[in-house]
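Read through the structure below, which is laid out as C-alpha cells, and then see the notes.
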Amino acid sequence: MSLSPTTTAQATIGHYLNGRVSAAKPARSQEVFNPASGAVSGHVALASAADVDAAVASAQAAFPAWSDTPPIRRARVMFRFLELLNQNKDKLAHLITAEHGKVFTDAQGEVSRGIDIVEFACGIPQLLKGDFTDQVSTGIDNWTLRQPLGVVAGITPFNFPVMVPMWMFPVAIAAGNCFVLKPSPIDPSASLFMAELLKQAGLPDGVFSVVQGDKEAVDALLVHPDVKAVSFVGSTPIANYIYETGAHHGKRVQALGGAKNHMVVMPDADLEQAVDALIGAGYGSAGERCMAISIAVLVGDVAERLLPMLEARARTLVIKNGVNLDAEMGPIVTAAAHQRITGYIDTGVKEGAKLLVDGRTFTGANAGEGCKDGFWMGGTLFDHVTPDMRIYKEEIFGPVLGCVRVKDLKEAVDLINAHEFGNGVSCFTRDGHVAREFGRRIQVGMVGINVPIPVPMAWHGFGGWKKSLFGDMHAYGEEGVRFYTKQKSIMQRWPESIGKGAEFVMPTAK
C-alpha cells in the first residue's frame with residue numbers, strides 16, 4: 001500500500017471526514033517539522049468549530065446503523081484492521097520517526113503496543129456480555145446489557161501518535177460508538193494513515209473521523225452537545241481543563257495527565273540491571289513519554305556504587321537520526337520543547353543539584369549528516385536532587401534524570417507518596433518482602449517490581465493516581481469498555497404471572 005498524498009513532504013495534512021480526506025484549503029495551518037533535520041516537512045490544517053461540527057454530524061449520522069450492527073460483525077472489521085496494521089506497521093513507524101523523531105525501533109514498539117489494544121477489541125462480543133438472573137421475583141427475570149454512548153472523542157498527544165489513539169478508538173468503535181480523533185498537530189500524518197486502513201477494513205463512512213487542530217478544535221469538541229464522552233492524554237493542567245470543561249457540559253471524561261515517575265534502587269538490587277533500566281527508561285524516546293523514569297531514588301549506600309556506572313552509560317548514549325537502527329535516542333520533538341528542557345537544566349544547576357552529565361553540549365553537529373539544524377540534546381544526569389527543587393517537582397518531559405538519595409525504604413516510599421503525581425513507579429530489589437511492601441504502600445497507579453516502565457497490557461488498563469488522572473476509569477482494558485458504554489438493567493414479566501390489583505408499596509422479591 002502506498003502512502004496517501006497527504007503524507008508526502010510539503011503537503012497539507014488535512015482532516016478525515018465522512019470516509020475521505022478533506023480537499024478544502026484550510027483557513028489556518030501549522031508547519032510540521034522533521035525534528036532530526038529541523039526542516040519543514042508539511043503543513044497541517046487547523047480545524048475550525050465548523051470543521052468539528054461537520055465531523056460530529058457525520059458521526060451522528062453513522063451512529064444508528066453502526067450501533068445496531070451485531071458485535072461479531074464489528075469485531076470482524078477490527079480483525080481486518082488488525083491484519084492491515086500488521087502488514088503496514090513499519091510504514092506507520094516511519095511516519096512516527098519522521099515527525100516525532102523517536103528512533104525507528106522505538107516507533108515499532110509503539111505500533112506493536114497499539115496493535116495489542118486492537119487485538120483486545122476484537123473480543124468485543126465477549127466483553128459486551130451482560131448478566132442474567134432468572135426468577136429474581138415470582139415470574140420476573142432481570143438482566144443487564146451494555147450499550148454504546150453515541151459520538152465520542154479522543155484528544156491525543158504528540159509523544160505516541162499511534163499507540164495513544166489506539167488506546168481509545170478500537171475499543172470505542174468495537175463497542176458501537178462513532179469516534180472523532182483530534183491528534184496532536186506536531187505529528188499528524190499517522191492519524192490519516194490509520195483512517196485509511198480502517199476504511200480498507202470495511203469501517204462505514206462517518207464511524208471514524210479525524211479533525212486536525214489546536215485549542216479551537218478541542219474547545220469545540222468539549223462543548224458540542226452531540227459528543228457524549230471525551231478521552232484525553234497530555235499534561236496535568238490541560239487534563240484538568242478538559243475534565244472540568246467536559247464535565248460541565250455533561251460529558252463523561254477520562255483525562256490522563258502528567259507524571260514524575262520514580263525508580264527506587266535498593267542496596268540489594270542487581271546494579272547492572274538497574275543501570276540498564278534507568279538508561280532505557282530515562283532516555284528512551286528522549287524522555288518524552290509519561291511513563292519515563294525521571295527520578296532515581298537511591299537507597300542507603302547504593303548511590304556510591306551505582307552512579308559511576310550510570311554516568312558512564314549516560315555519556316555513551318548513541319544519539320542520532322532515528323532512522324539509524326543503532327540509535328538509542330533521537331532528537332527533541334520541537335524547538336520550543338528543546339528550549340523548555342534547556343531551561344530546566346539551567347534551573348537545576350542554579351538550584352544546587354550536581355550536574356554529572358550535561359546534555360546541552362550535544363548539538364546537531366554531533367548527530368550526523370543532515371542534522372545540523374535539528375532539535376538535538378544529549379542525556380542529562382543530576383545528583384543530589386532534593387524535593388524542593390523544580391527539577392524534582394515538575395514534569396520536564398525530556399532526557400533529564402535526577403538522583404535523590406534516601407536512607408531507607410520508608411523514606412523512599414514517603415518521598416514518592418508526597419509527590420502530587422502518581423502515574424508510574426518502579427522498585428529494583430531482590431527482596432520479596434520489600435517488593436510486597438512497596439507494592440502495597442506506594443500511592444501510585446502503575447507499579448513495577450524490577451520492571452522500569454510498567455505499562456499494563458491491553459486487557460488490564462492504563463491510568464495513574466492523584467494529579468495524573470482526572471476521572472474514574474482507566475484507559476483501555478475492561479474499564480475502557482465500561483467507559484465507552486452505559487449499563488442498562490431490564491426487568492421483565494408476562495401477563496400470566498401478574499397478580500390482580502394495583503401495588504402501592506415498593507416492589508420486593510416475592
Side-chain angles (χ1 to χ4, degrees), residues 259-284 287 291-317 344-345 348-359 378-394 396 399-419 421-444 446-454:
K260 196 70 178 179
N261 304 313
H262 300 68
M263 182 175 131
V264 176
V265 183
M266 296 298 295
D268 69 327
D270 183 308
L271 293 192
E272 288 189 3
Q273 290 179 355
V275 169
D276 285 342
L278 286 168
I279 289 292
Y283 302 122
M291 290 296 285
I293 294 295
S294 54
I295 295 293
V297 182
L298 308 179
V299 179
D301 67 351
V302 77
E304 302 305 328
R305 294 181 285 129
L306 179 139
L307 277 169
M309 301 165 62
L310 186 60
E311 179 180 351
R313 287 288 304 278
R315 291 187 183 279
T316 57
L317 277 171
Y344 272 108
I345 299 171
V349 172
K350 291 175 184 175
E351 289 180 327
K354 184 177 181 181
L355 184 61
L356 299 181
V357 182
D358 187 353
T380 291
L381 179 63
F382 279 107
D383 188 15
H384 296 292
V385 174
T386 58
D388 60 309
M389 296 178 179
R390 281 186 62 200
I391 61 169
Y392 175 81
K393 293 187 290 186
E394 299 177 15
I396 298 173
V400 181
L401 178 61
C403 297
V404 178
R405 301 181 182 219
V406 298
K407 65 178 183 297
D408 55 26
L409 178 64
K410 182 181 184 303
E411 187 178 347
V413 170
D414 290 345
L415 174 81
I416 297 166
N417 286 349
H419 205 286
F421 296 126
N423 203 50
V425 71
S426 180
C427 179
F428 270 62
T429 181
R430 288 187 173 96
D431 189 316
H433 175 72
V434 166
R436 183 176 186 274
E437 284 299 295
F438 182 83
R440 294 185 69 244
R441 306 295 178 191
I442 208 71
Q443 295 172 17
V444 175
M446 292 171 284
V447 182
I449 305 298
N450 300 316
V451 176
I453 302 181

Distance in Å, [X] [atom1] paired with [Y] [atom2], rounded so as to fall on 0.5 Å steps:
| X | Y | atom1 | atom2 | value |
| --- | --- | --- | --- | --- |
| Ile279 | Leu317 | CD1 | CG | 5.5 Å |
| Glu394 | Tyr344 | CD | OH | 3.5 Å |
| Asp270 | Thr429 | CG | OG1 | 11.0 Å |
| Ile416 | Arg441 | CD1 | CZ | 14.5 Å |
| Phe428 | Leu271 | CZ | CG | 11.0 Å |
| Ile345 | Thr380 | CD1 | OG1 | 3.5 Å |

Are any non-hydrogen side-chain atoms of [X] and [Y] less than 4.5 angstrom apart?
| X | Y | result |
| --- | --- | --- |
| Val434 | Met266 | yes |
| Ile442 | Val264 | no |
| Ile396 | Lys260 | yes |
| Ile293 | Leu278 | yes |
| Leu306 | Cys403 | no |

Give me the atom names and distance for the closest heavy-atom approach of [X] to [Y].
| X | Y | result |
| --- | --- | --- |
| Ile391 | Ala353 | CD1-CB, 4.0 Å |
| Val444 | Val447 | O-CG2, 3.9 Å |
| Ser426 | Pro452 | OG-CA, 3.7 Å |
| Leu401 | Tyr283 | CB-OH, 3.6 Å |
| Pro387 | Leu415 | CG-CD1, 3.4 Å |
| Val297 | Ala412 | CG1-CB, 3.8 Å |

For the pair Leu298 and Leu307, evaluate side chain to side chain contact (heavy atoms under 4.5 Å, CB included) and give the outcome as yes or no after the intermediate values.
CA-CA 9 Å; Leu298 308 179; Leu307 277 169; 4.0 Å; yes

Between Asp383 and Lys354, is there a donor-acceptor pair closer than 3.5 Å when you use the side chain of the first and the backbone of the second?
no

For the pair Glu351 (side chain) and Arg390 (backbone), establish whether a donor and an acceptor sit closer than 3.5 Å, ignoring hydrogens and angles.
yes

With sequence neighbours left out, write down each residue that passes ring pair (Phe, Tyr, Trp, His ring centres under 6.0 Å) with Tyr392, or none if nothing qualifies.
His262, His419

Quick test of your reading: applying side-chain hydrogen bond (donor to acceptor under 3.5 Å, both in side chains), list the pairs with at least one residue in residues 303-315, sequence neighbours left out, ordered by first then second residue.
Asp276-Arg313, Asp301-Arg305, Glu304-Arg405, Glu311-Arg315

